[in-house]
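These notes are about the structure you will find just below.
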There are 4 protein chains.
Amino acid sequence: MARKRAFTEEELLDTAEQLIIEQGYSSFHLKKLAEHLASGARSTIYQYFANKEEIAAACMKRAMVRTVAKAEQVDEQEPLNALRDLLRMYMQEADLHAILGDVRKIDVSQSEKAAELVREVMGMHETLSDQLSRIFQQAQNEGVVRRDIPFVILASLFFQLINTPNVMQLPSEEWADYLFNIWYEGSGKK
Amino acid sequence: MARKRAFTEEELLDTAEQLIIEQGYSSFHLKKLAEHLASGARSTIYQYFANKEEIAAACMKRAMVRTVAKAEQVDEQEPLNALRDLLRMYMQEADLHAILGDVRKIDVSQSEKAAELVREVMGMHETLSDQLSRIFQQAQNEGVVRRDIPFVILASLFFQLINTPNVMQLPSEEWADYLFNIWYEGSGKK
Amino acid sequence: MARKRAFTEEELLDTAEQLIIEQGYSSFHLKKLAEHLASGARSTIYQYFANKEEIAAACMKRAMVRTVAKAEQVDEQEPLNALRDLLRMYMQEADLHAILGDVRKIDVSQSEKAAELVREVMGMHETLSDQLSRIFQQAQNEGVVRRDIPFVILASLFFQLINTPNVMQLPSEEWADYLFNIWYEGSGKK
Amino acid sequence: MARKRAFTEEELLDTAEQLIIEQGYSSFHLKKLAEHLASGARSTIYQYFANKEEIAAACMKRAMVRTVAKAEQVDEQEPLNALRDLLRMYMQEADLHAILGDVRKIDVSQSEKAAELVREVMGMHETLSDQLSRIFQQAQNEGVVRRDIPFVILASLFFQLINTPNVMQLPSEEWADYLFNIWYEGSGKK
DNA sequence: AATGAATGAGTCTTCATTCAT
DNA sequence: CATGAATGAAGACTCATTCAT
């Protein structure tokens, strides 16, 4: 008994995520968002979200939830296998990096809702970090990775692999495994 | 007899660079720039540059020129030594990464001058890449790095080392050497 | 060494005061304000004030300061004379009533400056009330006004005289004295 | 078979009146109105009224009609008794004052219906004024109120009594009689 | 030159009103 | 009839850029 929706909340967040990833949060404008939505006026957006900040935060939370859900399904029994699986997963959620860098830029002072969402994202980030640390520590205990390097650094380097441009155009999983090997074996000659 | 200069072009670019690095290009405003300049009015900036985009581009070019100059001084005879030296150098010019990520964000459509500057920055980036590739190829020829991996990827991974947060607070050079070792030997157990 | 000002801060506040008095704070818009200023764009206003709320608050404070200054010059020795003088004075600052009713409508949550100004206005209101109370109490002590009525009520009724439309078009002072007499003697036959 | 009514016209006007009295016409929004209605959507309001202005005007007319009806029942034989009764009545319809101050704020240029309603309200206001004048004139004729003051002024001062804040928390009728006495006898010592 | 001031284009947000189911 | 949804016309505010002294 009402008009047909111009776009779903889902579509809105998809579009927002795409824009934020491509151009960064600082240049994320509702005008642009509305234009990219194809149908629907700018003001319609306010039916779904109270303000720009909430959109960005909701968007980031959604990506984070998605990632955490996948991360939880990784079997942590065998550290190396776990790391390989995690890398594959992060490779698919490659934008997470960009997003995490932008969460702090959200002005949270005018919207308690946005503040809460940002807090949740931070919390989940913590969860992911903890998982990596846990696995790395176990790997060190089992002696399968170097022990002469603090695991934070190992983790940090490992996490950066995601940013490597896939110049060989390999399928995501193969690419992940390829990088994993280099990370593990090193770039020097054997 | 002209009035006392409010600020030199040099000072302006220094301040701009600092701002762009700290907060990213998208949130780089001339208002902020003027405030950080201590002396001089916002409108005075237009005596030196025609618009915001030119400032950003000039700023990035300057950083690039600086880097290229240093890179040229690296002795490329011994590939591994050359790489070590380059890493040390890049570590000092760590902001280059941030800057390079932002060049593309400059809206170049309204200012031919800015467009030209951006092109120059891109060109110099190319120069740096070529150098890295050259050294890596030589290293592969000499058999001091793995040959089963395309040198572009080796270079890409190598270049990412710069982003690793220096959690151990080591002095820049030591930190570079530390990472170099991990990159070379890998993270896996020996 | 700069362009000529489109309007002074003084002119701006004058215009704002007029608008707020005529149409109330709730319908006070910067667009309207700019239009009434004859010269100057809307955005120029922001050179002088940070936001709408500050303008309104500054405007009210100015009126209040003006009034308090006049009130302080009233000689309180003889209560009845003092009251007569005060009434004359309030008659000239007749808009004070309208303004006071609107101070509370100012949204103070986004601007500390506005909040402070509002606080100051309230404080000065207090000062004026205290003065009235003081004089009324003294008048009761000296037996020149009724003692069977709480002085707050006496003051309240007295203060309302200001709102009486001057249908006879008497000069302000005469009109004040005229009303003062009715207030004192009552409307009933002697 | 129609759906259940979301709200009656009566309920709508009740709520509108309450809002206009509490916060003034300038901050009267249909959004707020709909929220306060508990049941029914904002758009449903347009089944009953063509626009915001009509609602406000209808609301004010209703209050006016109510007041006029009560005023007509006052026995005008004895002027003083009539005045006392009128004051009691106005005290109960104390919001009338607020409403009358707001009629002029209604933008009547877009809706002929609203314009007509506003005209009616003004007309009834006239009626009430006439009644007051009539009674005052009679009172002057009978010599029960001062004759040295134009009856318009007497009426005006009388009407303002309604605004006096009831600090003593007396029941409405007692409060009316209390003020009536002061108005009649004056505030000066006997 | 340097700069205080002006300004218009652009963004966010709100709200009355209209649509279409 | 009722209403969920859409929307355009404001209004607040910011900022790059231009003016004129």
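What you are looking at is a predicted structure, and each value in this text was computed from that prediction instead of being measured. Numbers restart at 1 for each chain; the letters A, B, ... are given by sequence-line order, proteins then strands.
- No side-chain heavy atom of Gln110(D) sits less than 4.5 Å from a side-chain heavy atom of Asn51(D).
- In this structure, His29(D) reaches the dA16(E) phosphate: one of its side-chain N or O atoms is under 4.0 Å from OP1 or OP2.
- Tyr48(A) comes within 4.0 angstrom of sugar-phosphate atoms only, judged by non-hydrogen atoms across all strands, and of no base.
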| task | Using the salt bridge (charged side-chain N to carboxylate O under 4.0 Å, His left out) rule, take Arg62(D) and Asp14(D) through it: C-alpha gap first, then chi angles, then the decisive distance, then the call. | result | CA-CA 10 Å; Arg62(D) 202 186 54 155; Asp14(D) 284 346; 2.8 Å; yes

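- Ile45(A) has its CD1 atom 11 Å from the P atom of dT7(F), to the nearest Å.
- Summary of the strand contacts: Lys4(A) and Glu53(C) both lie near DNA chain F, and taking for each the nucleotide with the nearest heavy atom, the more 5' one is attributed to Lys4(A).
- The distance from atom CG of Leu33(D) to atom P of dT14(E) is 19 Å, rounded to the nearest whole Å.
- Distance CD (Glu54(D)) to C1' (dA16(E)): 14 Å, rounded to an integer number of Å.
- OP1 or OP2 of dG11(F) has not a single side-chain nitrogen or oxygen of Tyr46(C) nearer than 4.0 Å.
- If you take CD of Glu35(C) and C1' of dA12(F), they are 15 Å apart, rounded to a whole angstrom.
- Between Val118(B) and Arg104(B), every side-chain heavy-atom pair lies at or beyond the 4.5 Å cut-off.
- Proximity note for Ser43(C) (side chain, C-beta onward) versus dT7(F), dC15(F), dA12(F): the nearest is dC15(F).
- With hydrogens and angles left out, the side chain of Gln47(A) and the base of dA5(F) share no donor-acceptor pair within 3.5 Å.
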Stepwise, does the salt bridge (charged side-chain N to carboxylate O under 4.0 Å, His left out) test hold for Arg119(D) with Glu112(D)? CA-CA 10 Å; Arg119(D) 253 177 267 127; Glu112(D) 178 45 42; 3.0 Å; yes

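- Checking dT3(E), dA6(E), dC12(E) against the side-chain heavy atoms of Ala41(B) singles out dT3(E) as nearest.
- Whole-Å rounding puts the Glu9(C) CD to dG4(E) P distance at 16 Å.
- Applying the Watson-Crick and G-U wobble criteria (two distances, each under 3.5 Å), dA6(F) pairs with dT17(E).
- With dT17(F), dA16(E), dG4(E) as the choices, the nucleotide that has an atom nearest any side-chain atom of Asn51(B) turns out to be dT17(F).
- Lys32(C) has its side chain within reach of Gln23(C): a pair of non-hydrogen atoms, C-beta onward, lies under 4.5 Å apart.
- Between the C1' atom of dA6(F) and the CZ atom of Phe7(A) lies a distance of 9 Å, rounded to the nearest Å.
- Comparing Thr44(C) and Ala50(D), the nucleotide of DNA chain E nearest to each residue sits closer to the 5' end for Thr44(C).
- Counting distance only, with no hydrogens placed and no angle test, the side-chain atoms of Arg42(D) and the base atoms of dA16(E) include a donor-acceptor pair under 3.5 Å.
- Between Gln110(A) atom CD and dA12(F) atom P there is a gap of 17 Å when expressed in whole angstrom units.
- Between Ser39(A) and Lys52(B), the residue whose closest nucleotide on DNA chain F is further toward the 5' end is Ser39(A).
- Atom NZ in Lys32(C) sits roughly 13 Å away from atom C1' in dA10(F) (whole-Å rounding).
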Check the pair Lys113(C) / Glu116(C) against salt bridge (charged side-chain N to carboxylate O under 4.0 Å, His left out), numbers first and verdict last. CA-CA 5 Å; Lys113(C) 181 81 175 292; Glu116(C) 172 59 15; over 6 Å; no

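- You'll find that the side chain of Arg3(C) is closest to dC19(F), out of dT7(E), dC19(F), dA16(E).
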